[in-house]
Amino acid sequence: CQKITQYAFDNLGDSFSLFFSKKAGYPKFKKKGHHDSFTIDAGGKPIPVGGTSIKLPTIGWVKTYEGLPHTTCKSITISRTAVKELATLSTGVVFPNPKHYKTHLSKLRRLSKELSRKTKGSSNRFKAKQRLAKHHAKVANLRKNTLHQITTYLGKNHATIVVEDLNVSGLLSNHKLAQVIADCGFYEFKRQLEYKAKKFGCEVIIADRWFPSSKTCSNCGHIQDMPRAERTYNCGNCGHSMDRDLNAAINLSRLAFIVKAYRGITAPMLPMN
């Protein structure tokens, strides 16, 4: 098995090559907890993959978040991802996902257990039910407050806002992501954005969900497949490397200009993804 550190040095060499050819910026150190990943191989032997589990050299059997096609490969990159950002603007401004439900999940579970242990019809069960409902309301209010702050900022500071029509139901079907996706409150986010756009006099453009904002290179326009787990866009044509969400936000900003040009209107815009 080739050492994992060897791949790290190979990636560093590629980064410097892109830097010296003026196709990318100066390489930065990889931070722990940010785009965690490593590459491993079987010393030149093919590695069979397929299904929801894979046998890695030295490590052994591991489960995958999504089913893999049945094939063989020379090396495998293992990565860990999570929904960290609630929204990313084309200007680079990022609104982190506070994950209110996950933060209060332990207390919600404890209150649910207390409720289940109370005798039905008793006053203690009624009080336990009230405590659980009160905590659920607290989590919901915290989520709404976060969305209000973001949507108010967007409405006050942007003439035109572009958002993607995400397939939320499809994202929720992935049980590994369902909880954190639901915690984002995308429907409430869109609802607040639309009525505040009217209040502050800005326009909201909904991009078609099939618009390849995540697959298109914002530097050269090249389109390539972009797996959901890949959080950095690395263009196979020009070598441009950028955060996936920021790359998509920039592409959406250009879509807004196209829409405005089609309508015969020109105005400065700061869209978001």
Side-chain angles (χ1 to χ4, degrees), residues 31-36 63 65-66 80-89 93-158 161-200 202 204 206 209 228-229 231 243-246 248-249 272-273:
K31 295 181 180 180
K32 184 177 181 180
H34 186 69
H35 303 315
D36 290 337
K63 292 183 178 180
Y65 284 119
E66 297 180 357
R80 178 177 61 186
T81 60
V83 180
K84 300 181 295 180
E85 285 81 34
L86 182 59
T88 301
L89 307 191
V93 177
V94 174
F95 295 97
N97 180 12
K99 301 179 182 178
H100 295 298
Y101 182 79
K102 186 177 181 180
T103 303
H104 295 82
L105 184 58
S106 59
K107 186 172 182 179
L108 288 170
R109 286 174 173 171
R110 178 172 59 81
L111 292 175
S112 296
K113 287 183 180 179
E114 290 180 1
L115 175 62
S116 65
R117 291 167 182 166
K118 304 299 182 184
T119 303
K120 290 184 177 181
S122 66
S123 59
N124 285 336
R125 182 179 175 85
F126 177 75
K127 293 177 183 178
K129 187 176 181 179
Q130 282 188 320
R131 287 194 295 269
L132 178 60
K134 184 178 180 180
H135 200 65
H136 271 296
K138 178 182 178 180
V139 174
N141 289 334
L142 286 171
R143 184 185 299 116
K144 282 187 177 181
N145 181 61
T146 299
L147 297 178
H148 273 300
Q149 291 178 355
I150 297 174
T151 52
T152 298
Y153 170 84
L154 294 173
K156 284 185 175 181
N157 296 281
H158 301 81
I161 304 169
V162 184
V163 294
E164 282 187 303
D165 181 20
L166 297 175
N167 182 17
V168 178
S169 59
L171 295 173
L172 291 174
S173 64
N174 186 334
H175 69 283
K176 295 292 184 179
L177 298 174
Q179 186 183 100
V180 71
I181 293 296
D183 202 12
C184 291
F186 286 131
Y187 176 80
E188 178 65 15
F189 181 88
K190 181 181 177 183
R191 187 191 71 83
Q192 290 186 17
L193 197 59
E194 288 178 335
Y195 86 75
K196 288 184 181 181
K198 296 179 181 179
K199 177 181 179 181
F200 295 115
C202 61
V204 176
I206 307 298
R209 68 177 53 179
R228 188 181 300 167
R231 303 311 306 170
D243 177 79
R244 174 197 184 107
D245 294 334
L246 179 57
M272 58 152 291
N273 180 24

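If you're wondering where the values come from, they're calculated on a predicted model, not measured in any experiment.
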Within 6.0 angstrom of Phe126 CZ, more than 12 heavy atoms from elsewhere: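 Open.
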
Min side-chain heavy-atom separation Leu89-Val94 under 4.5 Å: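 Heavy-atom side-chain distance check fails, nothing below 4.5 Å.
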
Minimum side-chain heavy-atom gap Phe95-Thr146 below 4.5 Å: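 No, side chains not in contact.
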
Separation of [Y] [atom2] from [X] [atom1] (nearest 0.5 Å):
| X | Y | atom1 | atom2 | value |
| --- | --- | --- | --- | --- |
| Ile206 | Glu194 | CD1 | CD | 5.5 Å |
| His104 | Arg143 | NE2 | CZ | 10.5 Å |
| Lys120 | Leu115 | NZ | CG | 10.0 Å |
| Arg110 | Glu114 | CZ | CD | 5.0 Å |
| Ser116 | Arg125 | OG | CZ | 8.0 Å |
| His135 | Leu132 | NE2 | CG | 9.0 Å |

Polar side chain donor-acceptor pair, Lys138 to His100, under 3.5 angstrom: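 On atom types as modelled, these side chains do not qualify, holding no pair under 3.5 Å.
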
Taking every non-hydrogen atom, the tightest pair across Tyr101 and Leu108: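 Closest heavy-atom pair between Tyr101 and Leu108: CE1-CD1, 3.6 Å.
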
With Thr151, the side-chain hydrogen bond (donor to acceptor under 3.5 Å, both in side chains) member among Glu188, Lys196, Lys156, Lys190: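 Exactly one option meets the side-chain hydrogen bond (donor to acceptor under 3.5 Å, both in side chains) with Thr151, and it is Lys196.
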
Main-chain N/O of Gln149 paired to Thr152 side chain as donor or acceptor, under 3.5 Å: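 Here the side-chain-to-backbone pair does not exist.
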
